[in-house]
Undergrad: 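Okay, handing you the structure first.
Read the numbers this way: they start at 1 and go in the same order the structure lists the ligands and their atoms. In what follows, every heavy atom counts, from backbone to side chain, and hydrogens, waters and symmetry copies are set aside.
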Amino acid sequence: MSVAVKTTPKKDLYALGEVPDLGHVPEQMLAQVIRQDRFGEPVDAFREEPVPVPELGPKDVLVYVLAAGVNYNNVWAAMGIPIDVIKTRQKKGEKEEFHIGGSDASGVVWAVGKEVTNVKVGDEVVVHCGMWDPNDPWVVAGKDPMFAPSQIIWGYESNWGSFAQFTKVQSHQCLPKPAHLTWEEAAAYMLVGATAYRMLHGWSPNVATAGEPVLVWGGAGGLGSMALQICRAAGALPIAVVSGEDKIEYCKKLGAVGVIDRRKFDHWGKLPRWSDELSYGEWLVGARAFGKAFWEALGAKKNPTIVFEHPGETTLPTSTFVCETGGMVVICAGTTGYNATLDLRYLWMRQKRLQGSHFANDDQARGINDLVIAGKVDPCLSRTFGFDGTGECHQLMRDNKHPSGNMAILVNAPRPGLRTLDEVRAERRK
Ligand SMILES: NC(=O)c1ccc[n+]([C@@H]2O[C@H](COP(=O)([O-])OP(=O)(O)OC[C@H]3O[C@@H](n4cnc5c(N)ncnc54)[C@H](OP(=O)(O)O)[C@@H]3O)[C@@H](O)[C@H]2O)c1
């Protein structure tokens, strides 16, 4: 039921949770800002500051942010490694001396550029983080924009992310907010969900299909929790890898048909040189034992036809070893290190594919959003923070002390549990 809207006095800057009249854009907004002189531990790098509300181009949309999702990329942005995102943008001609991170959002369309047709002011949306120049010849030709030279990640490589009262996005990034979710749940899944969707459905013919065994590293993590559910929805048979008893039931509830505790193995890390028979032999014993644990968890002597990779350096030798002949190791990160090793003999003789994958295109983002709308994928929101907890939740992530699943930050939403802008307004009037 819609509630009558009272007019709010127009201001240049609104307090958090104060709702301007629909479509009224103030001069300034509050943001959790990173500056170069604060690069370092995330808990110290973010600070609330008033900044100007960004101007829109013809295909841009200004979203009033109700909640933001938390991802690893802004741990890197806060630390200033491996790149200084501010300097990188300045080299491209942008003038801002700060970074507003945040690559996941739920909110309300507040203003649109003059060429925007797919959304209108007042639409309740979630935002995916794939950005590209709409005039890029690659994009104009209708090719996958994730391969376009102009492709960047909103709220990491771009400024004006979701850790602010308003965020500037391109219109194609906006998708309908699943009505059954709270603002914070809706902000939690898109980046990891769409990334996992492309990894599992984007690399034909190696796609997750009914009856296919899939190995999912970090099954209780952000990416892993999405991967398990996407596999379940496709009828595939995901086996999760975790560290810790407490994560086993969690993964099973998300669709894992079996779970392996990686702490039972110690062959991790870079592959020993093949000519060093002793240490290579020891590694092989560990990798074979892990392969056997996969069969036991699956309940059948079958290898994974897809290995869902992101830890990188410590796990890639094992991933490429256990992958089925003609199967695919698909990788989107190197959380434990980038200098991965593998025994190429297994790759070429068994004709396996090692496939890099990065975020998702519009169709793939819509693919995961439809699964969420249909109730087949849960956002796995585990903890919600206030706006002033932006540094804290990124620090937990950096220290690998964050809870299973995904985290979110309330931006303009005054409390957890609200699902519409009307409910936010009603809460303000209490
Ligand atoms: N390219 C892209 O588009 C893209 C998109 C999203 C995320 N990423 C990247 O992907 C990585 C994971 O993101 P996330 O959101 O899933 O993070 P997350 O929630 O922290 O989950 C990562 C999981 O990795 C597992 N892990 C940690 N150390 C490990 C090790 N030494 N060996 C095996 N597993 C280990 C942990 O599970 P256990 O300890 O239980 O095993 C953890 O749950 C990050 O580096 C992120 O930046 C990339």
Side-chain angles (χ1 to χ4, degrees), residues 69-79 81-83 101 103-104 128-131 146 151-157 188-200 202 215-228 239-251 254 256 259-270 286 290 307-319 330-338 340 355-361 364-365 368 379-383 393-408:
V70 182
N71 293 291
Y72 222 98
N73 59 5
N74 275 285
V75 172
W76 302 122
M79 295 197 298
I81 55 169
I83 58 160
S103 303
D104 262 317
H128 81 63
C129 65
M131 272 187 157
M146 284 305 296
Q151 186 279 321
I152 55 169
I153 296 295
W154 158 71
Y156 175 62
E157 289 162 295
Y189 63 87
M190 183 56 80
L191 186 149
V192 283
T195 303
Y197 192 95
R198 181 176 176 92
M199 291 171 77
L200 292 164
L215 173 62
V216 178
W217 292 104
L223 283 170
S225 59
M226 294 293 123
L228 293 176
I239 301 295
V241 186
V242 297
S243 65
E245 287 291 318
D246 53 317
K247 298 178 183 175
I248 293 176
E249 268 318 296
Y250 183 84
C251 290
L254 297 176
V259 183
I260 302 171
D261 190 335
R262 68 179 165 92
R263 296 174 307 170
K264 293 183 179 155
F265 304 87
D266 60 5
H267 65 292
W268 308 120
K270 286 192 184 179
F290 184 83
V307 179
F308 184 91
E309 247 289 352
H310 49 92
E313 194 168 298
T314 62
T315 51
L316 195 82
T318 304
S319 294
V330 58
I331 183 160
C332 73
T335 318
T336 63
Y338 311 128
Q355 177 66 55
S357 196
H358 186 45
F359 188 59
N361 58 36
Q364 291 155 345
I368 188 68
C380 293
L381 176 65
S382 49
R383 193 167 162 195
C393 55
H394 284 89
Q395 189 68 46
L396 287 173
M397 197 163 220
R398 158 141 168 78
D399 298 340
N400 202 13
K401 290 187 176 152
H402 54 308
S404 296
N406 295 305
M407 300 183 282

Undergrad: Against heavy atoms of H402, which atoms of ligand 1 measure under 4.0 Å?
TA: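 Those qualifying, in numeric order: 18 (P), 19 (O), 20 (O).
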Undergrad: Evaluate G405 for polar contact with ligand 1, using N/O atom pairs at a separation under 3.5 Å.
TA: no
Undergrad: Considering G337, S243, A333, G193, which one's heavy-atom position lies nearest to atom 9 (C) of ligand 1?
TA: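 Of the listed residues, A333 has the closest heavy atom.
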Undergrad: Any idea which heavy atoms bring S404 and K247 closest together, and the distance?
TA: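 Where S404 meets K247 most closely, the heavy atoms are OG-CG, 4.1 Å.
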Undergrad: For T315, counting its heavy atoms only, list the atoms of ligand 1 lying under 4.0 Å from any of them.
TA: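 Numbered from 1, ligand 1 contributes 32 (N), 33 (C).
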Undergrad: Looking at H310, which atoms of ligand 1 are within less than 4.0 Å of one of its heavy atoms?
TA: 12 (C), 22 (C), 23 (C), 24 (O)
Undergrad: Evaluate L223 for polar contact with ligand 1, using N/O atom pairs at a separation under 3.5 Å.
TA: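 N/O-N/O distance under 3.5 Å: yes.
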Undergrad: For K247, counting its heavy atoms only, list the atoms of ligand 1 lying under 4.0 Å from any of them.
TA: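 The list of qualifying atoms is 38 (P), 39 (O), 40 (O).
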Undergrad: Report the nearest protein non-hydrogen atom to atom 31 (N) of ligand 1: residue, atom name, distance rounded to 0.1 Å.
TA: T336 CG2, 3.4 Å
Undergrad: What are the atoms of ligand 1, with element, lying closer than 4.0 Å to any heavy atom of L191?
TA: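 In order of numbering, the contacting atoms are 5 (C), 6 (C).
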Undergrad: Which residue holds the protein heavy atom closest to atom 27 (C) of ligand 1, what is that atom called, and what is the gap in Å?
TA: R262 NH2, 3.7 Å
Undergrad: Under a 4.0 Å heavy-atom limit, does T195 contact ligand 1 with its side chain, its backbone, both, or neither?
TA: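 Only the side chain of T195 comes within reach of ligand 1.
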Undergrad: Under a 4.0 angstrom heavy-atom cut-off, which atoms of ligand 1 come close to F359?
TA: 2 (C), 3 (O)
Undergrad: Which ligand 1 atoms are under 4.0 Å away from a heavy-atom of V192?
TA: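 In order of numbering, the contacting atoms are 15 (O).
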Undergrad: Among all protein heavy atoms in this structure, tell me which lies nearest to atom 47 (O) of ligand 1, with the distance rounded to 0.1 Å.
TA: Y72 CB, 3.2 Å
Undergrad: Side chains of T336 and W268: donor-acceptor distance under 3.5 Å anywhere?
TA: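 Their side chains do not contain a donor-acceptor pair, so the 3.5 Å distance test is not met.
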